[in-house]
Amino acid sequence: MTLAAKVAVEGATFSFDRWYDYAIPQRLCGTIRPGSMVLVPFGRGRARPRMGVVLAVGEAEQGKPLKELYDAAPESAVLTDELLGLVRYLRDYTFCTYYDAVRAIIPYGAQYRAVTGEDGPRLERQITLRTVSCYQLTGKDTKLTAKQQKVVALLEGGRQLAGPVLCEAAGVGVGVLRTLVKNGVLAEERQEKKLEIFESSLPDLPKEIPSLSKDQQDCCDALTALMDAGGPRMALLHGVTGSGKTLVFLDLIRAAAARGRTSLVLVPEIGLTPQMIHRLKAVFGNRVAVQHSALSNSERLQQWQQIQRGGAEIVVGTRSAIFAPLDRLGLIIIDEEQEHTYVSENSPRYAAIEVAKQRIAYHGGLLLLASATPSIEDYHAARQGRFPLLRLTKRYNDLPLPKVEMVDLRGELAVGNTGSISGRLAEEIGKNLAAGEQTILLLNRRGYHTAAVCRECGEAIRCSLCSVPMVYHKKENRLQCHYCGGVLSPVPERCPVCGGSLRYGGTGTQRVEEELQSRFPSARVLRMDMDTTQGKNSHEKLLSAFAAGQYDILIGTQMVAKGLDFPKVSLVGVLGIDQLLFAQSYRAFERVFSLVTQVVGRGGRAGLPGRALIQTTDPQNRILNLAAAQDFEAFYEEEIAFRKLHLYPPFCSLCMVQFAGAQEGQTAAAARSFGQQLRQEAAGRSDLPLRILGPAPSTVAMLHGKYRYKLTIKCRNDRHFRELLRGVQQHYSESGYAGKISVSIDFYSDSD
Ligand code: ADP
Ligand code: ZN
């Protein structure tokens, strides 16, 4: 019997994503096992090196001469059993290839690539961390010069310091260190350079977790009991804004740690990580590691290695942190669990919550979903008794929820106010300024003007690659596409279609910032949106400055709506919410309800009474009024009835099949052909409840220069359905459309 490594290779198209047998060379014998990353010759004729992952080691298929694999990455790069299981899970549920799944799980810096050396192709780290010389006393006693004595004094007590730090502190050159090493007084060691990613300028927090209120304690007790119940458990914590959910998290993490288990905390966006890290670090110190996409590759790798080596008990981060290589995982917390940012927008299109379920199933322990506005699906499941539902119905200290007022914008034009801030809101902002209290304003659109429309033909200027209007950015004086990043500069003065003059309209955050400055010249205004948070640690810096009282007003997109906890904020204003109500998605209402509830909840969190103003042209709107009343229960009842009537999740799964191609006709034809095949296959399957809608052009009908069509399938997402779909996908990948029109399949997107 010949043993072979069964390998899935990189860059496979769907139709050849299967296992290939490779012989294991003598020198790698015993090191190759399932999860090993390898380099293999691939392709007919002259084979080229390709990356691959070993899925199994077993008897080779009969009769074929085996090629030998070139190289294998070291032990530290071998996927654990658990992570290899996640690779299979991702492939099965997100219709990606094995290797795409590997790439989603392992951060770039920890991946390997092919290089061709003298003895043929081999693997090399994508990046290597910089190292630095560190010094320590050996204990040898000799006569020292004055300079040498300074160095030695700094290292007393077994301390180890990096060369540059030591030189600076002792005021000596590196030559002094070298002499000391030569004389045997110092030991030198190369170590990875420590990257400082935790400097925080947020105000200090107590090291101790404050004692919990009775409600909070009850919650923790129930959740700890679940954690101790053995086996995988899941629960939903529905707690109003300011009820102290974060304290419950801290206490649970402590309980997990006391049981020798590690914890994973997910937040929905980068902007919220500084605050969460800060709160976790205050209590758990350097046992906390982070994983998110704003880290540099080196920083991310260093944190990842620390986790992998068992040097972190708590990992906090955004979506992709769900793959952190934690051992002994016992608790996963997903804060603001309804957020769509937990679903990956690129292939593989996974949902972090689903991955979390897999991980908890593997380890046992508790998956805790938490929110003031849970997703309708999860709330429904909890109400059905599929897992426990815990509630925190009151704010900590019985603080009242903010008082909310609707401001009818229809009155504004009549009194000659053409700005975006109503008279009522301006009045309240003025009061806050006078009282020295802070204000948060939400406008979920960045830029200055959100459209340039021709006065003659009525057409908006659109991106040449995407079917969306371009947004005017005043500072850069150019038009920008918020989908592909394309820019148009100089700004056109005439309509490119008919030559008519252009009217710039629609308000973004830049314009509101300007309006605030002219209305309240002495107010210190801070704008936070994707444009002002590009720099390193920029979220943290801006939020710290706001926390320290350096600003009076914070205006921003959804990144200011969630999670922030600042005691001096007593007024919240919601601008431009109406459009969101009419977004093309069955989740539009859920999103608006959640966004409004969340942002309103930023106010009045520490004693100052909170108030919120919602500007709208539809002050009677049900959704807005329910959000204003923070009445989640009533909203849920309405929404669930709607979903049931029109058959939307949770009463079915929605599967989106997206097609993208350079030619419109061909893209539509590919979508039609896929749809036909699917209908045919499904016709004979009475066991599969299925409704196929479309094909139809996607909401954004063109993106990055590609035409887009979609099929929407209302289905039950079970193994049988996925097998059926996989068959159709396979069929498609062998058709003439494959390679020209790309297909992506996912169960989570709801609009495009
Ligand atoms: P949520 O995440 O539910 O919106 P937080 O956890 O941010 O709420 O808590 C809101 C505020 O109330 C925070 O400033 C927090 O420190 C404070 N708080 C909540 N519970 C307690 C407690 N038991 N003791 C002291 N302060 C608390
Ligand atoms: Zn574009």
Side-chain angles (χ1 to χ4, degrees), residues 202-220 236-254 265-268 272 274-276 278-280 282-283 333-337 339 368-374 390-402 447 460-471 478-488 543 547 561-569 572 594 597-608 610 630 632 660 700-708 752:
L202 289 165
D204 278 344
L205 290 170
K207 284 202 164 23
E208 293 296 314
I209 304 174
S211 53
L212 302 185
S213 69
K214 166 106 182 28
D215 289 355
Q216 291 167 349
Q217 190 62 54
D218 290 348
C219 231
C220 280
L236 175 62
L237 171 58
H238 177 214
V240 298
T241 56
S243 56
K245 293 186 285 297
T246 319
L247 266 74
V248 173
F249 302 164
L250 294 176
D251 204 62
L252 280 173
I253 294 167
R254 184 169 60 185
V265 182
L266 293 195
V267 293
L272 292 177
Q275 183 165 281
M276 188 59 87
H278 189 61
R279 288 175 90 164
L280 289 167
V283 178
I333 295 169
I334 302 192
D335 196 13
E336 317 274 8
E337 63 94 25
E339 287 296 331
L368 178 63
L369 308 179
S371 182
T373 54
L390 294 113
R391 294 175 202 272
L392 288 171
T393 53
K394 284 193 301 239
R395 283 193 153 184
Y396 173 66
N397 248 345
D398 276 332
L399 288 175
L401 285 167
I461 295 193
R462 288 171 193 275
C463 172
S464 57
L465 297 177
C466 310
S467 56
V468 296
M470 295 189 86
V471 175
R478 64 187 190 192
L479 291 175
Q480 241 174 272
C481 170
H482 284 184
Y483 281 76
C484 74
V487 298
L488 202 57
L543 291 175
K562 286 166 264 169
L564 303 178
D565 184 41
F566 297 124
K568 290 220 111 183
V569 175
V572 167
S594 165
T597 309
Q598 297 283 350
V599 73
V600 164
R602 293 315 106 211
R605 292 167 72 88
L608 291 172
Q630 312 240 325
F632 179 76
V700 177
M702 191 188 196
L703 192 64
H704 298 281
K706 296 265 172 72
Y707 291 93
R708 299 164 84 228
D752 303 344

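In each ligand, atom 1 is the first atom listed, and ligand 1 is the first ligand listed. Computation of the quantities below employed the complete heavy-atom set of this structure, encompassing side-chain atoms and omitting hydrogens, waters and symmetry-equivalent molecules.
Of all protein heavy atoms, the one closest to atom 9 (O) of ligand 1 is G244 CA, 3.5 Å. Among all non-hydrogen protein atoms, the one lying nearest atom 13 (C) of ligand 1 is D565 OD2, 3.0 Å. The shortest contact between atom 20 (N) of ligand 1 and any protein heavy atom is with Q216 NE2, 2.8 Å. Annotation: atom 2 (O) of ligand 1 to nearest protein heavy atom, T246 OG1, 3.3 Å. Among protein heavy atoms, atom 10 (C) of ligand 1 sits closest to R605 NH2, 3.6 Å. For atom 26 (N) of ligand 1, the closest heavy atom belonging to the protein is Y396 CE2, 3.2 Å. Taking atom 15 (C) of ligand 1 as the reference point, the nearest protein heavy-atom neighbour is R279 NH2, 3.8 Å.
With hydrogens and angles ignored, the 3.5 Å screen pairs no side-chain donor or acceptor of R462 with any backbone N or O of M470. No donor-acceptor pair closer than 3.5 Å links the side chain of S243 to the backbone N or O of Y396. Using a distance-only test at 3.5 Å, with no hydrogens or angles considered, no donor-acceptor pair links the side chain of R605 to the main chain of V569. With hydrogens and angles ignored, the 3.5 Å screen pairs no side-chain donor or acceptor of K245 with any backbone N or O of L392.
Across Q630, E337, Q598, E336, a single residue satisfies side chain to side chain donor-acceptor pair (under 3.5 Å) together with T373, and that is Q598. With V265 as reference, I253 is the one residue of D335, L368, I253, I334 to meet the side chain to side chain contact (heavy atoms under 4.5 Å, CB included) rule.
Contact annotation for V240 and ligand 1: only backbone heavy atoms (N, CA, C, O) come within less than 4.0 Å of the ligand. With a 4.0 Å heavy-atom cut-off, ligand 1 is reached by the backbone of S211 but not by any atom from C-beta on.
When rounded to 10 degrees, the angle formed at the Zn ion (ligand 2) by SG (C463) and SG (C484) equals 110°.
To the nearest 0.5 Å, atoms SG (C220) and CG (L250) are separated by 9.0 Å.
Considering backbone and side-chain N/O atoms, S243 comes within less than 3.5 Å of an N/O atom of ligand 1. Inclusion of G242 in the set of residues having an N or O under 3.5 Å from an N or O of ligand 1 is warranted. The shortest N or O to N or O distance between L212 and ligand 1 is not below 3.5 Å.
Within the 4.5 Å cutoff, no side-chain heavy atoms of V283 are placed close to those of R254.
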